[in-house]
Trainee: 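Right, I'll just put the structure down here and ask away after.
Numbers for residues simply follow the sequence, beginning at 1. It should be emphasised that the depicted structure is a prediction, and the values quoted were computed from it without experimental measurement.
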Amino acid sequence: MVVLAASIISKSGKALVSRQFVEMSRIRIEGYLAAFPKLVGTGKQHTYVETENVRYVYQPIESLYLLLVTNKQSNILEDLETLRLLSKLVPEYCYSLDEEGIGRTAFELIFAFDEVISLGHKENVTVTQVKQYCEMESHEERLHKLVLQSKINETKDVMKRKASEIDKSKIEKNRGEKGGFMSLQSMGSGRIDTGFGSDSGISSTGGTGFGSGSGFGPSPDVDTFSIKSKGRPAASATAPPKGLGMQLGKTQKTNQFLESLKAEGEVIVEDVRPSVGQAKPAAAPLTDPVTLTVEEKINVTLKRDGGVSNFDVQGTLSLQILNQEDAFIQVQIETSGNPAILFKTHPNMNKELFSNENILGLKDPNRPFPTGQGGDGVSLLRWRMQSTDELILPLTINCWPSVSGSETYVNIEYETPAQIDLQNVVISVPLPALREAPNVQEIDGEWRYDSRNSVLEWSVVLIDNSNRSGALEFVVPAADPSAFFPISARFTASRTFSDVKVVNILPLKGGATPKHSQRTLLATETYQVV
């Protein structure tokens with residue numbers, strides 16, 4: 001069987017949508033479609049017409065024709081089956097079966113035709129499968145959009161900074177011409193941030209850094225000014241005390257460019273210079289001199305029929321120090337002793353000390369750890385764990401869809417084999433395209449239906465010893481069981497697989513042991529049932 005083209009035409013022979021599956025010129029297909037209305041007789045029961053070269057297999061759809069153009073050697077029974085499947089797909093995408101409705105959804109119809117017919121031959125698919133294939137979400141597309149949006153946001157930030165700098169330079173120029181102060185260099189050029197590792201591109205004259213020549217210790221911003229008076233030689237001036245100097249960048253005339261950004265809904269943040277010794281804003285306020293953060297990211301892929309396809313845990317131990325006097329320390333830790341967990345220290349750490357005594361310290365004990373680091377601080381230790389054991393899974397999900405008549409009953413249950421308390425659990429179940437929300441008959445927790453993405457989200461705030469297992473049951477119109485996969489989940493926990501704990505902080509310069517705190521977090525990156 002070879003289908004030459006699948007088309008939707010008007011009673012007069014006007015082609016509204018036509019998809020060719022073999023090499024064919026536009027003049028030729030237009031000739032076939034224009035000749036079809038003349039060949040159709042009135043009052044006949046036949047659904048096909050033959051000419052010397054081709055066969056027309058058609059079906060009236062209100063005021064239109066759904067038409068297949070095939071060669072005369074094709075199997076007419078298969079042609080009729082293909083026509084029947086296409087006639088079911090057209091109303092799914094076109095809510096008004098007229099020329100305007102067909103024109104609005106032309107591309108969706110072409111994509112659906114491509115799923116049914118490949119190179120002129122019918123594919124073994126159903127209406128539900130075709131809709132699922134056409135609506136399939138692309139991870140690469142989503143990632144591309146995220147990268148593109150991040151570039152747009154970064155460009156906007158650069159644009160705001162440039163506009164602010166231009167505005168400041170205009171003000172400085174005007175004040176300099178009137179005999180006031182004039183900035184000889186841009187604000188912040190004397191600032192030196194702290195760095196750690198090879199990604200900190202920071203230098204310090206005559207100082208030693210920690211990895212790749214990076215310098216330590218915050219340095220105050222230095223502002224240099226000069227006096228310029230008309231008709232008088234330049235004279236030096238003493239810089240005013242901090243907090244009492246001139247405020248640059250303020251003007252009574254509103255910048256038109258920034259105002260246009262505000263009118264478009266952009267949030268304009270004033271460019272305020274940090275004061276001396278001010279640290280970068282952290283994700284969470286630090287209350288102790290030394291803070292250590294243990295974070296693990298888990299990636300799991302489970303099989304719908306049971307078993308683990310992928311289980312991967314990657315963790316880090318990070319250090320944050322507020323004051324320079326507390327930077328000469330070593331960190332003693334303990335772990336669960338699981339041989340499946342592989343640890344790897346930072347290149348600047350003493351590996352033998354860690355291997356023998358579980359103590360994290362620098363190779364050179366006379367060098368301090370960096371201070372004032374933003375984010376999670378400096379990464380000291382990393383580890384990784386892989387397994388196929390279902391008993392260590394923090395969460396298992398079983399889905400049982402069953403078709404009964406014109407409805408599909410879906411039963412989903414979760415369990416926590418590893419006996420780990422989980423917070424903010426959200427299980428996302430994809431659904432076939434629905435006209436209304438699913439009928440949820442039983443649930444342990446809360447649910448929400450995302451009609452835009454056709455996803456049912458099942459949320460449980462906390463899973464502990466009181467609810468180690470839970471169930472969800474809902475009903476939707478009859479659908480293929482594979483339409484409810486892949487199921488994804490996300491959650492957090494305060495217990496990790498490595499069970500890394502900070503036992504003690506060892507000061508190297510003597511004195512009292514600085515107070516420390518530990519933060520522990522287990523979070524999902526990808527957690528799916530496929």
Side-chain angles (χ1 to χ4, degrees), residues 283-288 291-303 306-318 320 333-341 343 376 381-399 411-429 440 442-448 456-473 486-503 516-529:
L286 301 179
T287 57
D288 296 301
T291 302
L292 293 112
T293 303
V294 177
E295 183 178 8
E296 287 186 349
K297 297 288 187 180
I298 181 171
N299 294 273
V300 174
T301 303
L302 305 177
K303 301 175 184 177
V308 180
S309 177
N310 176 56
F311 179 91
D312 183 71
V313 176
Q314 297 185 20
T316 57
L317 172 63
S318 303
Q320 288 175 292
I333 66 171
E334 67 177 16
T335 64
S336 61
N338 189 344
I341 301 178
F343 290 93
D376 289 332
L381 183 67
R382 294 180 181 176
W383 60 90
R384 186 173 186 179
M385 173 184 173
Q386 293 179 319
S387 177
T388 57
D389 186 4
E390 291 187 77
L391 296 179
I392 66 173
L393 290 174
L395 183 70
T396 59
I397 303 170
N398 295 314
C399 179
N411 292 272
I412 302 177
E413 62 178 2
Y414 74 79
E415 292 180 338
T416 55
Q419 303 294 309
I420 298 178
D421 293 349
L422 306 179
Q423 294 92 33
N424 303 319
V425 181
V426 178
I427 300 175
S428 302
V429 184
V440 177
E442 178 187 351
I443 187 171
D444 295 324
E446 303 292 333
W447 68 277
R448 185 181 75 90
L456 176 65
E457 292 187 347
W458 176 17
S459 60
V460 182
V461 177
L462 174 64
I463 298 180
D464 54 14
N465 291 329
S466 63
N467 58 345
R468 288 298 177 191
S469 62
L472 164 66
E473 181 180 357
I487 299 173
S488 60
R490 62 181 186 272
F491 55 82
T492 60
S494 57
R495 176 184 165 190
T496 59
F497 288 90
S498 62
D499 202 20
V500 171
K501 296 179 181 177
V502 178
V503 178
H516 73 278
S517 62
Q518 177 177 339
R519 300 174 179 176
T520 305
L521 176 67
L522 171 67
T524 56
E525 272 194 338
T526 58
Y527 206 102
Q528 289 187 330
V529 181

Trainee: Any side-chain heavy atom of Ser387 sitting closer than 4.5 Å to one from Ile392?
Mentor: yes
Trainee: Is the distance between the ring centroids of Tyr414 and Phe491 under 6.0 Å?
Mentor: no
Trainee: Testing Val300, Ile420, Thr416 one by one against Leu393 for a side-chain contact (heavy atoms from CB on, under 4.5 Å), which residue passes?
Mentor: Val300
Trainee: Check whether the side chains of Gln518 and Thr520 place a donor and an acceptor atom closer than 3.5 Å, and report yes or no.
Mentor: yes
Trainee: To the closest 0.5 Å, what do you measure between CZ (Arg519) and OG (Ser494)?
Mentor: 14.5 Å
Trainee: Taking all atoms of both residues into account, what is the closest heavy-atom pair of Gln528 and Ser488, and its distance?
Mentor: CG-CB, 4.1 Å
Trainee: Passes salt bridge (Lys or Arg N to Asp or Glu O under 4.0 Å), Glu334 versus Lys501? Steps please.
Mentor: CA-CA 5 Å; Glu334 67 177 16; Lys501 296 179 181 177; 5.0 Å; no
Trainee: Please determine whether side chain to side chain contact (heavy atoms under 4.5 Å, CB included) holds for the pair Thr396 and Glu413, giving the CA-CA distance in whole Å, both sets of side-chain angles, and the decisive distance to 0.1 Å.
Mentor: CA-CA 8 Å; Thr396 59; Glu413 62 178 2; over 6 Å; no
Trainee: Test Phe343 against Ile333 for side chain to side chain contact (heavy atoms under 4.5 Å, CB included), laying out the working first.
Mentor: CA-CA 12 Å; Phe343 290 93; Ile333 66 171; 5.7 Å; no
Trainee: Tell me, do Val460 and Asp444 make a side-chain contact under 4.5 Å, heavy atoms counted?
Mentor: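 The answer is no; the side chains never approach within 4.5 Å.
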Trainee: Please find the pair of heavy atoms, one from Glu415 and one from Ser469, that lie closest to each other, and give the distance.
Mentor: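 Here Glu415 and Ser469 meet closest at CG-CB, 4.0 Å.
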Trainee: Look at atom CD of Gln386 and say whether more than 12 heavy atoms of other residues, nucleotides or ligands are closer to it than 6.0 Å.
Mentor: yes
Trainee: Taking the side chain as everything from C-beta on, heavy atoms only, tell me whether Asn338 gets closer than 4.5 Å to Phe497.
Mentor: no
Trainee: Mind listing the closest non-hydrogen atom pair of Pro394 and Ile298 along with its distance?
Mentor: CG-CD1, 3.9 Å
Trainee: Once rounded to the nearest 0.5 Å, what's the spacing between atom CG of Leu521 and atom NZ of Lys297?
Mentor: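 Answer for the CG-NZ pair, Leu521 versus Lys297, is 6.5 Å.
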Trainee: In terms of side-chain heavy atoms, does Ser498 have a donor or acceptor partner in Glu296 at a distance below 3.5 Å?
Mentor: yes
Trainee: If we ignore hydrogens and angles and just use 3.5 Å, is the side chain of Asn467 paired with the main-chain N or O of Asp464 as donor and acceptor?
Mentor: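 Judged by distance alone, yes, a pair lies under 3.5 Å.
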Trainee: Rounded to the nearest 0.5 Å, how far apart are CG of Asn299 and CD of Glu525?
Mentor: 4.5 Å
Trainee: Determine whether Asp288 and His516 make a side-chain contact, defined as any pair of heavy atoms from C-beta on separated by less than 4.5 Å.
Mentor: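 Heavy-atom side-chain distance check fails, nothing below 4.5 Å.
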Trainee: If you look at every heavy atom in Ile463 and Arg468, which pair is closest and at what distance?
Mentor: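 Of all heavy-atom pairs spanning Ile463 and Arg468, the closest is O-NH1, 4.0 Å.
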Trainee: Could you state the interatomic distance from CD (Glu473) to CG (Asn411), rounded to the nearest 0.5 Å?
Mentor: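 Here the rounded value is 4.5 Å.
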Trainee: Taking side chain as C-beta onward, heavy atoms only, is Thr335 less than 4.5 Å from Trp383?
Mentor: no
Trainee: Quick check for you: to the nearest 0.5 Å, what is the distance between Thr496 atom OG1 and Glu295 atom CD?
Mentor: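 The distance works out to 11.0 Å.
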Trainee: To check you understand the geometry: which heavy-atom pair defines the closest contact between Ala489 and Leu395, and what is its length?
Mentor: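 Looks like CB-CD2, 4.1 Å.
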Trainee: Could you tell me if Asp312 and Gln314 have a donor-acceptor pair between their side chains, going purely by distance under 3.5 Å?
Mentor: yes
Trainee: Under the criterion side chain to side chain contact (heavy atoms under 4.5 Å, CB included), I'd like the reasoning laid out for Trp458 against Leu456: C-alpha separation, chi angles, the key distance, then a yes or no.
Mentor: CA-CA 7 Å; Trp458 176 17; Leu456 176 65; 5.7 Å; no
Trainee: Quick check: closest heavy atoms across Ser428 and Arg490, and the distance to 0.1 Å?
Mentor: OG-NH1, 4.1 Å
Trainee: Which distance, rounded to the nearest 0.5 Å, do you find between the CD1 of Ile427 and the CD1 of Ile487?
Mentor: 8.0 Å
Trainee: Could you give me the CA-CA distance, side-chain angles and deciding distance for Leu302 and Ile397, then say whether side chain to side chain contact (heavy atoms under 4.5 Å, CB included) is met?
Mentor: CA-CA 8 Å; Leu302 305 177; Ile397 303 170; 5.6 Å; no
